[in-house]
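Ligands are counted one by one from 1 in listed order, and the atoms in each one are counted from 1 as well.
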Amino acid sequence: MPDFSRYFDCNATTPMSSVAREAWIEANGRFWQNPSSLYREAGMAKQELERCREEVADHLGIDEPERVIFTSGATEANNAIIRYLAESRRGRLLVSAVEHPCVEAPSQAWFGEERCHAIGVDPVSGGIDLAEVEVQLRAGGVAAVSVMAANNETGTLQPWKELAELCRDHAVPFHSDAAQWIGKLPSGELGECDFLTGSGHKFGGGKGVGFLVIPEEADAFHGLIGGPQEGGRRAGTENLPAVIAMVAALTERSDSDLEEVAAANAVGRDAFEREMTAIGMKLIGADGPRLWNTSMFVLPHTKNLKWLIRLSQRGFSVSTGSACSAGRGNPSRVMAAMGLDFDEMGRVMRVSGGWETTGEDWSDLSAAIREVAGELTQ
Ligand code: PLP
């Protein structure tokens with residue numbers, strides 16, 4: 001098993017958990033048949049697929065497992081949901097200004113700029129402007145609302161429960177991209193969102209697999225077309241071993257385990273942040289509720305890539321966020337929404353630990369950053 005004590009990029013991806021890996025290996029031996037075929041073994045694969053669907057539904061507090069559709073990940077899920085909403089509903093999409101590009105781009109593509117209304121966030125806490133959502137809903141003509149549960153860059157948590165309620169009161173469907181929330185925080189009430197997105201590789205469940213949730217009444221929903229799989233709602237042979245592995249990772253920790261993990265792990269992260277502030281880093285979004293594993297800050301000087309390379313030479317994996325989307329030099333919408341100027345965007349660093357990251361790992365990272373700070377000022 002590789003050593004992940006210096007891996008601080010869990011919001012980008014996580015290694016498969018050992019439980020998930022074992023489940024995947026076993027599933028490749030036992031359940032390789034096509035669940036749509038008609039002989040006995042294929043029937044067993046189909047049954048296993050339905051067991052997985054029930055487990056995901058249970059985990060999210062959903063009574064109707066058929067609301068769950070397996071996909072290749074969150075990008076596909078978000079594309080399919082936004083497209084369905086654009087095609088089936090009239091009016092504007094209210095979408096937060098800090099969404100992942102795989103929500104933002106489909107919103108622009110299928111609703112069109114004139115039908116998208118961006119909802120801003122508080123630059124200090126990163127929290128969505130709930131009052132603005134309410135004003136827009138009261139004004140009418142809203143097709144749907146899409147606000148992520150937890151932000152991949154800042155870790156900011158959005159009030160999805162309140163948003164789901166507010167939308168319900170106005171009979172407007174609510175979608176939440178929960179790719180960064182699921183597996184990190186208790187998820188037993190997420191099924192209250194009409195539409196929901198999850199991704200296996202964000203919680204140790206493996207890459208190229210995820211799921212989406214639709215409301216029961218969305219009979220005409222379809223993602224990929226051209227096959228009868230997933231009740232005709234997502235064509236393509238199901239990647240059953242990947243689904244089994246993802247579900248193994250998802251159910252590895254109960255909601256109360258996750259509460260403990262969150263409380264324990266935030267201690268190391270918070271101590272790290274105190275040290276970072278002491279050496280002149282500016283924390284982003286630290287005043288609002290955040291994921292327990294994430295810290296984003298502006299470095300005091302020198303482009304972030306230079307820090308990243310020196311940390312990488314010391315064995316630490318960190319990220320520059322999508323402050324300037326890798327190599328493209330575009331300013332980040334998320335950072336702009338958080339009130340950063342262009343110069344600051346080039347000095348942003350995101351670190352995101354994992355479930356097993358210890359306080360010592362955080363303090364080793366802090367020591368390495370202090371060393372690099374010393375080198376880069378010389
Ligand atoms: N949504 C969020 C919030 C993410 O952080 C990511 C991954 O970075 C995605 C969606 C895309 O997920 P996937 O890699 O499963 O397509």
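In this structure, a donor-acceptor pair under 3.5 Å is absent between the side chains of Ser363 and Glu360. Between the side chains of His170 and Gln136, no donor-acceptor pair is found at a separation under 3.5 Å. Residues Asn11 and Thr294 have side chains that bring a donor and an acceptor to within less than 3.5 angstrom of each other. If you check the side chains of Ser96 and Gln158, you find no donor sitting under 3.5 Å from an acceptor. Checked by atom type, the side-chain pair Thr197/Asn78 shows a donor-acceptor distance below 3.5 Å.
Considering backbone and side-chain N/O atoms, Asn78 never comes within less than 3.5 Å of an N/O atom of ligand 1. When only interatomic distances are considered, the shortest N/O to N/O separation between Lys202 and ligand 1 falls below 3.5 Å.
Nearest protein heavy-atom neighbour of atom 15 (O) of ligand 1: Ser199 OG, 2.7 Å. In this structure, atom 11 (C) of ligand 1 lies nearest to the protein heavy atom Thr75 OG1, 3.5 Å.
For the atom pair Ser187 OG and Leu185 CG, the distance stands at 7.0 Å (nearest 0.5 Å). Rounding to the nearest 0.5 angstrom, the gap separating the CD atom in Glu87 from the CD1 atom in Ile82 is 12.0 Å.
Close approach to Gly73 involves these atoms of ligand 1, each under 4.0 Å from a residue heavy atom: 15 (O). Below 4.0 Å from some heavy atom of Gln180 lie the following atoms of ligand 1, by number and element: 3 (C), 4 (C), 5 (O). If you number the atoms of ligand 1 from 1 as listed, the ones under 4.0 Å from a heavy atom of Ala179 come out as 1 (N), 2 (C). Those atoms of ligand 1 that come under 4.0 Å of a heavy atom in Asn152, given as number and element, are 3 (C), 5 (O).
Between Lys207, Glu153, His100, His201, it is His100 that holds the heavy atom closest to atom 4 (C) of ligand 1.
Contact annotation: for Met148 versus ligand 1, heavy atoms closer than 4.0 Å belong to the side chain alone. If you look at Asp177 next to ligand 1, the close heavy atoms, those under 4.0 Å, all belong to the side chain. Under 4.0 Å from ligand 1, heavy atoms of Ala74 appear from its side chain as well as its backbone. With a 4.0 Å heavy-atom cut-off, ligand 1 is reached by no atom of Ala12.
Contact analysis leaves Gly210 out of contact with ligand 1, as no non-hydrogen atom separation drops below 4.0 angstrom.
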Item to check | Derivation of the ring-ring contact (aromatic ring centres under 6.0 Å, His included) call for Phe203 and Trp355 | outcome: CA-CA 9 Å; Phe203 55 82; Trp355 296 253; 8.0 Å; no
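Put simply, Met296 and Met338 are part of the same group of oily side chains (I, L, V, M, F, W, Y) that touch within less than 4.5 Å, one to the next.
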